[in-house]
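Nothing fancy with the numbering, it's 1 onward along the sequence. Remember, predicted model here, so these are calculated numbers, not experimental data.
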Amino acid sequence: GVDGCITVSHGLADWMVKRYSMSRPEIVLNCRYYESHPSTTEIKGDLNLGSETKLVLYLNSVYPGQGVEQLIDAAAMMPKDVHLATLGPIPLEEYGERLRGQAAAAGLNGRFHMLDSKPGDEMLRYASGADIGAIPRQNTSLNNYISLPNRVFELLMAGLPIAAPSLPDMKQFVEENDLGMSFDETSPEDMSRILSDMLEPATLAELRNAVQTAAKRYCWENEGEHYRSIVEAVARV
């Protein structure tokens with residue numbers, strides 16, 4: 001047997017207990033080192049958008065099962081000054097073309113953008129110029145359902161309020177820390193409503209403040225100390 005076990009989310013820890021009849025693992029979140037990012041104008045400049053235009057960012061690889069289709073339909077229901085951009089690699093070019101076709105058919109008319117990836121040391125600064133980050137991940141597998149993915153902590157460190165799916169770990173983390181709001185990831189109508197609510201100026205300002213506070217808490221400088229304490233406790237056994 002092992003003397004200690006670590007995992008990255010409560011949902012995964014619960015599953016491991018049930019699956020392996022083991023003691024509950026310790027949770028170590030996939031936090032990033034702390035970075036401060038005053039919102040940059042670069043990403044909107046690259047898209048020829050004015051500062052008054054609202055930009056919803058999908059920060060991740062673009063592939064099936066992540067809800068980009070639903071997010072496109074949601075954006076089509078929103079005011080003309082709201083744009084949607086993806087920032088990440090597109091492993092299947094035909095899939096990217098299918099999304100572009102969907103956006104055109106939905107009438108987004110230049111309001112859907114697919115941006116190339118940025119190097120890791122530039123990504124968060126660049127992303128910080130958006131207004132909010134959206135995670136429309138779908139419940140298509142157990143992995144998706146119990147996930148608390150890296151992008152949650154990337155958006156947090158980029159200073160972006162998070163629109164999260166109703167999948168339990170993401171919903172709980174975002175709502176308990178006042179980082180954003182959650183939506184029914186299967187419903188473009190609900191996505192559109194929640195995104196619109198988050199983009200209200202007063203709400204957006206409150207969420208940004210909460211995100212900046214949380215970034216100082218959920219950083220590797222703190223979480224790394226938790227990890228070290230777990231390892232040291234096991235070493236003393």
Side-chain angles (χ1 to χ4, degrees), residues 39 43-44 47-88 95-96 98-115 127-140 144-145 147 149 151-152 154-156 158-175 177-208 210-211:
S39 183
I43 188 171
K44 288 186 179 180
L47 298 174
N48 296 314
L49 305 179
S51 60
E52 72 286 350
T53 301
K54 300 303 182 185
L55 181 61
V56 177
L57 183 66
Y58 168 93
L59 179 64
N60 192 45
S61 298
V62 181
Y63 59 97
Q66 297 305 301
V68 183
E69 294 91 342
Q70 289 84 350
L71 194 55
I72 288 172
D73 286 343
M77 301 175 189
M78 299 181 73
K80 302 300 184 184
D81 64 342
V82 177
H83 285 236
L84 170 64
T86 67
L87 176 59
Y95 179 64
R98 190 157 74 244
L99 293 177
R100 292 184 181 95
Q102 178 189 340
L108 280 176
N109 299 323
R111 293 167 49 215
F112 176 63
H113 316 273
M114 304 186 84
L115 292 162
S128 72
D131 291 284
I132 58 177
I135 306 177
R137 174 171 277 188
Q138 302 292 296
N139 183 16
T140 56
N144 280 9
Y145 182 74
S147 63
R151 82 184 90 163
V152 170
E154 291 166 347
L155 292 171
L156 174 62
L160 298 182
I162 301 170
S166 63
L167 308 181
D169 279 85
M170 281 188 275
K171 175 182 173 68
Q172 180 179 357
F173 183 78
V174 166
E175 292 185 350
N177 292 287
D178 298 320
L179 306 179
M181 302 178 185
S182 61
F183 47 58
D184 175 355
E185 66 278 359
T186 68
S187 169
E189 293 82 4
D190 196 52
M191 280 189 195
S192 175
R193 179 179 63 84
I194 292 298
L195 292 168
S196 296
D197 288 348
M198 290 178 63
L199 287 170
E200 286 294 326
T203 301
L204 186 60
E206 290 179 4
L207 291 173
R208 280 192 172 275
V211 167

>> Tell me whether Gln102 contacts the main-chain N or O of Glu69 through its side chain, where contact means a donor paired with an acceptor under 3.5 Å.
In response: yes
> Hey, is the main chain of Glu189 close enough, under 3.5 Å, to the side chain of Ser192 for a donor-acceptor pair?
Replying inline: no
Spacing of [X] atom [atom1] and [Y] atom [atom2] [to the nearest 0.5 Å]:
X: Leu108; Y: Arg100; atom1: CG; atom2: CZ; value: 13.5 Å
X: Asn177; Y: Leu156; atom1: CG; atom2: CG; value: 8.0 Å
X: Leu59; Y: Leu160; atom1: CG; atom2: CG; value: 8.0 Å
X: Leu57; Y: His113; atom1: CG; atom2: NE2; value: 11.0 Å
X: Ile194; Y: Leu199; atom1: CD1; atom2: CG; value: 11.5 Å
X: Arg151; Y: Arg137; atom1: CZ; atom2: CZ; value: 4.5 Å

List the atom of [X], the atom of [Y], and the distance in Å for their closest heavy-atom pair.
X: Arg208; Y: Gly159; value: NH1-O, 3.1 Å
X: Ala75; Y: Arg111; value: O-NH2, 2.8 Å
X: Thr86; Y: Met114; value: OG1-CA, 3.4 Å
X: Tyr58; Y: Gln66; value: OH-CB, 3.2 Å
X: Met77; Y: Pro188; value: CE-CB, 3.8 Å
X: Val174; Y: Ile162; value: CG1-O, 3.7 Å

>> Test side-chain contact (heavy atoms from CB on, under 4.5 Å) on Ser182 and Glu175; report intermediate values, then the result.
In response: CA-CA 7 Å; Ser182 61; Glu175 292 185 350; 2.5 Å; yes
Do [X] and [Y] have side-chain heavy atoms sitting under 4.5 Å apart?
X: Gln70; Y: Pro136; answer: no
X: Leu155; Y: Ile135; answer: yes
X: Thr203; Y: Asp197; answer: no

> Could you go step by step and tell me if Arg193 and Phe183 meet the side-chain contact (heavy atoms from CB on, under 4.5 Å) rule?
Replying inline: CA-CA 9 Å; Arg193 179 179 63 84; Phe183 47 58; over 6 Å; no
> Taking it one step at a time, do Leu179 and Val152 satisfy side-chain contact (heavy atoms from CB on, under 4.5 Å)?
Replying inline: CA-CA 10 Å; Leu179 306 179; Val152 170; 5.6 Å; no
> Just by distance, with hydrogens left out, do Glu185 and Ser166 show a side-chain donor and acceptor under 3.5 Å apart?
Replying inline: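 Indeed, the side chains of Glu185 and Ser166 share at least one donor-acceptor pair under 3.5 Å.
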>> With side chain to side chain contact (heavy atoms under 4.5 Å, CB included) as the test, pick out the partner of Met191 among Leu71, Val56, Asp73, Asp184.
In response: Leu71
> Could you walk me through whether Leu47 and His83 pass the side-chain contact (heavy atoms from CB on, under 4.5 Å) check?
Replying inline: CA-CA 10 Å; Leu47 298 174; His83 285 236; 6.0 Å; no
Check residues 127-134 and write down every donor-acceptor pair under 3.5 Å in which the side-chain atom is one partner and the other belongs to a residue at least two apart or another chain.
residue, atom, partner, partner atom, Å
Ser128, OG, Arg125, O, 2.6
Asp131, OD2, Lys44, NZ, 2.9
Asp131, OD2, Leu55, N, 2.7

